[in-house]
Participant: 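The structure's right below; bear with me while I get my questions together.
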Amino acid sequence: MPKGGGDGWHNSEEETVVQAVLLADSFNVRFAPLTFSRPRALLPLANVALIDYTLELLVASGVHEIYIFCRSFASEIKAHIESSIWKSNPNVKIETRVIQSYSVGECLRECDTMDVIKGDFVLVSGDIVSNMDLEKAIAAHSERSKKNKDIVMSMFMKEIEPGHYLQSREDDLVVAIDSDNILQAYSHSEDSRYEIKRAIFENARSVDIRCDLVDCHLYICSPKLLMLFTDEFDCQDMKDFITFIHSQEIADHCIHTEVIRDGYAARVGNLHTYDAVSMDVLRRWTYPLVPDGRLLQREQSIQYKRHNVYLSAEVGLTWGCELEENVLVGFASTVGREGAPTTTLTNCIIGKRCKIGAGVRISNSYVWDDVVIGDGCTIDRSILADKVELKAEVSLQPGSVLGPGVVIDASRTISINTKISLETCSAEDAGDFDEDEGKAEETDEGEWDVDVVGPGGKGKVWEPDDEDDVELFAWGCRGSERPPLPPFGADEDETEAEEDFGTDDDTGREFSGASSTGLDDAGPDDGDFDGEILDLIRERVIAKFDAGQEDSLPLSELALESQGSRSAHNKTLNDVVHAMVHAVMQCSNADTSSTQQRVQRIKNIFVKISPVLSKYITTATCQRLFIESLESASIVFSNSGDAFQTVLHAMYEEDLVLEEIILRWHSNAQMAVLSGKQQAIRKRVQPFIEWLQSAEEESEDESDSD
């Protein structure tokens, strides 16, 4: 990605002014009720307004003139642009135009009427996150359109696997692309049935039918595209327009497709993709658009630490609070309280000036600015907008969305996919394009849903008017495990794994806050999966040890077959580790040899299979869950329980689990209510813990003396 504000590209000897049209209105209601008081383009993603990512893409690609068209919240959009760094950039001109349009078609028709577009231009919405360089693509489109006058637009599509976590239900798409990369069919479906006309195959030399592409909503257009919108038709969004292009009425126009295999491009079109793109930013898929990069560093200094943890300036972290992985803490926010139960953050983004109490667990969630969270709260896969207050012991279940200023009284549980707001608005009027007319009104105190928010709470439950829209407003209609990405500059082989970003929906991902023992939350095929892994350990590992052939373990077969079983049963990486640990302990439970011999044998087994385990245990959360699985197996299979300390020490020596993770696990356990068997395990492991602590203190003393 080139530096922002480049000189653009040149055509012949004359500089071509590269223009862009940015649509700040989204023309749908996917983020309600968060968009009752703020447009989607200004919603924060990793503590930066969405529109800033789009502007960074355009400026970095050498665009000289950017025309922002908006209807709702025009004054807020203008104020944001006026205070942005791009306003003072001499290499780019940004104008905000207020229009009275309720669809993409009307917007582009007004754009044509204004006569500001003089040549090829980039068309993009204000919620795109991309690290692409469009400079060459713009030039290539210009050359193509000269050779083929029918091309009115080049569209970018991202190549992904079907069911990829970036794909929501709205992105289900089947396209037909001919050998010249011309789009021949573009079919969305609500019921998995797609229509492709037979004539396509009769008129083209070859046609690829693909279901592995996602529309990035990023287009390079010829000026004559605008002329199409002066006719007697209108399109609510670009999907409607692309479909219309293939109708018989305008069959003399066509669309060129650019398939993206390298680089990142995604539209934040609903809560599902908001979650997915946010985590991609933290995991550095979007480099250089990362929290410690140039874009996000403009307003505050951000430190990048291990396990994708980012700390802004003036952050207050108490001793013992845990930032596990993929965490961003915003400016002047405080986490935890000295001498109180540990607060744990994992896979989450905390905004500016937030106050998070003691004993809080936040996972897979997004907390915006000036939020107050009381002691003992549990927040899982939720969004808390500005100035939300949670009193003590509140539990937010997955899919909870709290609008600005909502207050939840103490000891309340907000159920799955509940949306609460201080304002009311029908789904028909809730889009990002209607609030300017004042259709969202603040709820009177007497109308608050006290049964939900509590007697001391503030807010009213908001629901879509149409039952068919419920799934679209729900968080996570589609998705699979997020693929790995090592920290920037790291060796990819060191972190070859998939993130255990959990959910109990149809994504097959396990919540990091869920029970790590797996004893109480078995799925319908968990027994078959655990049985397969148990048989695998018996055949590939235990049998070799019994035959005295432990030095010739078939590790490659073990890795391959465990991965195959995982895929067949749609299990997470942590499920495999959990099953392997329990299988080894179960097989060793019947060992009638002396305790010392049995412990040594179990240790040797774990050491031998550690190369396979290392393929699955690659993050801080994975390490913690491995320890917890080992602990639960030691309780279930009591004869094997004596090996816990020895195995843990051995895995530490094998660099499978880090010292800090072991100490965190032990520290957290002290704050919990432990069973008698857990307490017995703590006593046995205490000498090892003390040894680690003393080694850590000696290391700190040496560093201080240096």
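For the numbers below, each heavy atom of this structure counts, side chains included, while hydrogens, waters and symmetry mates do not. By convention here, the first residue in the shown sequence is residue 1.
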Participant: Look at the side chain of S333 and the backbone N and O of R353, then say whether any donor-acceptor pair between them is shorter than 3.5 Å.
Facilitator: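 Answer holds: yes.
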
Participant: Between the main-chain N or O of M153 and the side-chain N or O of Y219, is there a donor-acceptor pair closer than 3.5 Å?
Facilitator: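 Pair absent, no side-chain N/O of Y219 close to backbone of M153.
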
Participant: What pair of heavy atoms forms the shortest contact from C70 to A24, and how long is it?
Facilitator: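 Here C70 and A24 meet closest at CB-CB, 3.7 Å.
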
Participant: Do you know the tightest heavy-atom contact between V406 and I420?
Facilitator: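 That would be CG2-O, 3.6 Å.
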
Participant: Treating E76 as the side-chain partner and R38 as the backbone partner, does any N or O pair qualify as donor plus acceptor under 3.5 Å?
Facilitator: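 No, the answer is negative, given that no donor and acceptor are paired below the 3.5 Å cut-off.
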
Participant: Go through the structure and list residues passing ring pair (Phe, Tyr, Trp, His ring centres under 6.0 Å) with F69, not counting sequence neighbours.
Facilitator: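 Per chain and number, F69 pairs via ring pair (Phe, Tyr, Trp, His ring centres under 6.0 Å) with no residue.
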
Participant: Under the side-chain hydrogen bond (donor to acceptor under 3.5 Å, both in side chains) criterion, do T286 and N131 qualify, and how do the steps go?
Facilitator: CA-CA 6 Å; T286 58; N131 60 7; over 6 Å; no

Participant: Heavy atoms only: give me the nearest G126-L22 pair and the separation to one decimal.
Facilitator: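 The pair with the smallest heavy-atom distance is CA-CD2, 3.7 Å.
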
Participant: What heavy-atom pair brings N47 and G351 nearest, and what distance separates the two atoms?
Facilitator: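 In terms of heavy atoms, the two residues are closest at OD1-CA, 3.4 Å.
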
Participant: Using the side-chain hydrogen bond (donor to acceptor under 3.5 Å, both in side chains) criterion, which residues pair with T273? Sequence neighbours excluded.
Facilitator: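 By the side-chain hydrogen bond (donor to acceptor under 3.5 Å, both in side chains) rule, T273 matches N270.
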
Participant: What do the steps show when you test D386 against K352 for salt bridge (Lys or Arg N to Asp or Glu O under 4.0 Å), and what is the final call?
Facilitator: CA-CA 9 Å; D386 295 348; K352 304 172 185 175; over 6 Å; no

Participant: Side chains of S363 and D380: donor-acceptor distance under 3.5 Å anywhere?
Facilitator: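 On atom types as modelled, these side chains qualify, holding a pair under 3.5 Å.
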
Participant: With distance as the sole test, does S565 use its side chain to make a donor-acceptor pair with the main-chain N or O of S562 at under 3.5 Å?
Facilitator: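 No; zero donor-acceptor contacts below 3.5 Å.
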
Participant: State, to 0.1 Å, how close W285 and Y264 come at their nearest heavy-atom pair, and which atoms those are.
Facilitator: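 Smallest interatomic distance, heavy atoms only, reads O-CB, 4.0 Å.
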
Participant: So, is the end of the R566 side chain (NZ or CZ) under 6.0 Å from the ring centre of Y616 and within 45° of the ring's axis?
Facilitator: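 Judged by the rule (NZ or CZ under 6.0 Å from the ring centre, within 45° of its axis), R566 is not positioned above Y616.
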
Participant: Ignoring hydrogens and angles, state whether a donor on the side chain of D52 or H80 is under 3.5 Å from an acceptor on the partner side chain.
Facilitator: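 A donor-acceptor contact under 3.5 Å links the two side chains.
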
Participant: Could you tell me whether the side chain of T343 and the main chain of V360 form a donor-acceptor pair under 3.5 Å?
Facilitator: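 Yes, T343 side chain to V360 backbone: donor-acceptor pair under 3.5 Å.
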
Participant: Of the options L134, V259, L213, T257, which is the one that meets F156 in a side chain to side chain contact (heavy atoms under 4.5 Å, CB included)?
Facilitator: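 Of the listed options, the one satisfying the test is L134.
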
Participant: Checking R306 now: which residues fulfil side-chain hydrogen bond (donor to acceptor under 3.5 Å, both in side chains) with it, not counting sequence neighbours?
Facilitator: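 Counting only residues at least two positions away or on another chain, R306 forms a side-chain hydrogen bond (donor to acceptor under 3.5 Å, both in side chains) with E660.
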
Participant: Verify, without hydrogens or angle tests, whether S395 (side chain) and T413 (backbone) share a donor-acceptor contact under 3.5 angstrom.
Facilitator: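 Absent.
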
Participant: Going through the distances and angles, do S312 and V329 end up as a side chain to side chain contact (heavy atoms under 4.5 Å, CB included)?
Facilitator: CA-CA 6 Å; S312 303; V329 182; 6.0 Å; no

